[in-house]
Amino acid sequence: MSDWQRQPVTASARPANDLDVVVVGAGLAGLYMLHRLRGLGLAARAYEAGRGIGGTWYWNRYPGARCDIESLDYSYSFSEAVQQEWHWTERYASQAEILRYIEHVADRFDLRPDIRLATRVIATTFDEVAGRWTVETDRGDRVTAQYCIMATGCLSAARIPAIPGLETFAGRWWHTGAWPHEGVTLTGRRVGVIGTGSSAIQAIPVIARRAAHLHVFQRTPNFSVPARNAPLDPADERRAKADYAARRREARASRAGFVTPATEQMERSALAVAPAVRRRAYEARWERGGLGFTSAFADLGSDLAANDTAAEFFRAKIRATVRDPLVAEALSPRDHPLGTKRLCADSGYYETFNRPNVTLIDLRTTPIAAITSRGVLTSGAEYPLDDLVFASGFDAMTGALRAIDIRGRAGVSLRERWADGPRAYLGLMVADFPNLFTITGPGSPSVLSNMIVSIEQHVEWIADCLAHLRAHRFRAIEASAEAEAAWMAHVEELGNATLYPLANSWYMGANIPGKPRVFMPYVGGVGAYRQQCDDIAARGYAGFSLTA
Ligand code: NA7
């Protein structure tokens with residue numbers, strides 16, 4: 001029995017290098033985990049690579065960065081006081097406001113003393129004899145803990161594509177996910193943006209207003225819906241706060257972790273209604289703005305013909321917005337169904353291409369050959385640039401975990417275990433890695449949902465699990481290989497019943513050369529997923545082995 005099973009202790013009462021729990025990461029997941037561990041009386045410490053807390057919202061400071069989920073939903077629900085007192089200024093919160101919120105929560109719950117900033121965990125190794133994890137950092141720390149909780153984020157391993165010649169570029173360059181904290185002045189500069197995913201689609205309209213000229217290098221056009229961001233409507237805020245618990249309950253039981261107003265058609269097939277009805281439904285969603293568009297009909301995610309009615313609606317909107325028909329066509333997605341790459345939410349994205357200082361370069365017709373000292377060289381021309389922005393995405397879901405040398409039983413490495421794609425039971429634990437949890441890991445809804453809803457669910461499930469282990473005097477919990485295999489088969493089966501596998505998306509690992517093509521998240525919805533996690537816990541953690 002470890003000390004903490006006998007009596008609650010505080011971090012300061014324990015030897016500095018002998019902890020109950022190490023949490024890796026101090027973003028939204030790591031911070032709430034730390035808070036819950038404190039509540040259990042455990043000696044816990046979080047290590048955070050950034051010089052500040054906040055994870056995604058610490059790193060992604062590019063112009064225009066904001067959340068694509070409404071602020072009333074993209075916020076912690078665990079504290080009624082915080083959710084009542086905090087005032088969001090906009091329908092969609094900016095990066096700066098979300099970071100202020102995260103810092104407020106960390107201070108309010110006094111989390112900072114147990115966080116080591118600017119310290120990257122590089123390895124964690126399970127000692128089978130001691131039943132403990134040894135965690136090593138890039139600062140030379142070496143601590144042991146009974147439990148190791150990875151709160152490393154799903155979109156935290158920024159990726160710069162291997163384009164030859166970057167080292168020769170004489171201008172400045174950055175990745176959107178590692179933006180300089182001092183900020184950068186783009187006024188009057190010749191700027192290039194590589195990529196047209198969510199980050200680029202947020203950044204491009206803002207950069208275009210500042211730059212002398214903006215070149216957008218697009219490989220794959222994306223679907224984007226107007227966000228319709230605005231100051232938060234005081235009536236909406238009052239309504240939400242009058243019964244926040246109900247709003248949160250609905251979100252937790254929903255598919256995506258947020259709820260859009262129900263409509264008559266949303267349970268029907270897009271093909272079962274007359275074209276005029278369909279159009280009205282799409283127009284209403286377009287006018288409302290935001291990611292709720294894809295729930296206009298029940299089968300947009302599963303039926304290609306139904307999906308194409310929505311895709312064509314988007315293409316018509318692009319044609320109606322972008323004056324140059326060739327540019328409009330180049331911006332029109334045709335190689336993947338709507339929503340199979342994460343739908344983007346923008347503020348004036350398509351309109352930006354009507355500006356005289358913005359040029360779209362279609363890399364499908366003229367691919368990038370190299371980066372030169374002057375700028376970007378495609379098969380068609382060289383584009384001289386002062387600044388180059390890589391909005392080129394992340395090694396999603398597994399990148400941050402694989403960056404750490406994680407070794408379980410008999411020295412087995414997670415990297416090798418996942419060589420053919422990630423495998424995990426419920427996206428929470430991996431067989432042969434006892435007492436190691438992954439918050440929003442592959443095989444859980446995570447990136448398909450309002451992340452904070454999924455984060456809270458995992459944190460609470462893990463905290464309850466640790467309390468259960470303590471109450472029943474277990475020392476270890478581990479996913480069984482059979483349960484893991486069955487869960488992954490279930491994840492795959494659900495994924496294959498959707499249109500997701502048709503896209504070369506980061507959900508599929510397709511944006512990383514050599515990464516196995518596997519649909520990584522669980523697509524059954526956060527409500528159904530939560531139910532399964534709760535049932536499994538109620539059945540004495542079925543599929544896990546608990547050892548005394
Ligand atoms: P994404 O969505 O992965 O977008 C990355 C973009 O960069 C995408 O348009 C890529 O084109 C493009 N890309 C990547 N590599 C290259 C190369 N070598 N050449 C040209 N273009 C390239 O990342 P984001 O940061 O925008 O968004 C990530 C998530 O954050 C988002 O879904 C939200 O959940 C929040 P491709 O499509 O691969 O052809």
Side-chain angles (χ1 to χ4, degrees), residues 27-28 55-57 59-69 74 92 95 98 153-166 174-179 192-204 215-225 227 256-257 290-291 294 330-331 333-336 339-346 349 360-371 376-379 383 388-397 399 440 445-452 454 500 502-513 515 517 520-521:
L28 285 167
T56 287
W57 301 108
W59 294 104
N60 286 268
R61 297 175 189 232
Y62 58 85
R66 65 177 67 247
C67 191
D68 58 7
I69 304 281
Y74 192 85
Y92 296 92
Q95 171 272 332
I98 299 173
C154 292
L155 294 161
S156 47
R159 175 185 164 262
I160 304 281
I163 303 172
L166 178 57
W174 317 274
H175 189 283
T176 50
W179 200 257
V193 172
I194 295 184
T196 47
S198 292
S199 302
I201 280 174
Q202 290 184 336
I204 282 166
H215 285 95
V216 175
F217 296 91
Q218 171 189 270
R219 188 164 66 183
T220 311
N222 248 310
F223 292 98
S224 187
V225 63
L291 303 189
T294 48
L331 286 167
R334 294 193 185 274
D335 77 335
H336 64 281
T340 54
K341 290 188 170 199
R342 185 163 169 126
L343 182 61
C344 304
D346 71 273
Y349 176 64
L360 180 72
I361 293 102
D362 184 349
L363 301 178
R364 288 170 309 182
T365 50
T366 54
I368 294 179
I371 292 168
V376 171
L377 176 69
T378 70
S379 65
Y383 298 90
L388 183 54
V389 175
F390 286 95
S392 46
F394 301 85
D395 185 351
M397 302 197 77
T440 62
S446 65
V447 291
L448 297 179
S449 70
N450 173 358
M451 280 303 290
I452 201 160
S454 290
Y500 280 109
L502 300 181
N504 289 322
S505 65
W506 55 257
Y507 297 131
M508 298 291 301
N511 64 328
I512 304 294
K515 191 165 174 175
R517 196 183 164 88
M520 295 182 283

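None of the values given here were measured: they were computed from a predicted structure. Counting starts at 1 for both ligands and their atoms, in listed order.
Asn222 and Thr196 are not linked by any side-chain donor-acceptor pair at a separation below 3.5 angstrom, with hydrogens and angles left out of the test. Defined by atom type and a distance below 3.5 Å, a donor-acceptor pair is present between the side-chain atoms of Ser454 and Ser449.
Of the possible polar contacts, none joining the Thr440 side chain to the Pro445 backbone as a donor-acceptor pair under 3.5 Å is found. Side-chain N or O atoms of Gln202 include one that pairs as donor or acceptor with a backbone N or O of Arg66 at under 3.5 Å.
Partners of Arg342 by side-chain hydrogen bond (donor to acceptor under 3.5 Å, both in side chains), not counting sequence neighbours, listed by chain and number: Asp68.
Using a 4.5 Å cut-off on side-chain heavy atoms (C-beta onward), His215 and Val376 make no contact.
Within 4.0 Å of ligand 1, heavy atoms belong to protein residues Leu155, Arg159, Pro161, Ile194, Gly195, Thr196, Gly197, Ser198, Ser199, Arg219, Thr220, Lys341, Arg342, Leu363, Ala391, Ser392, Gly393, Phe394, Trp506.
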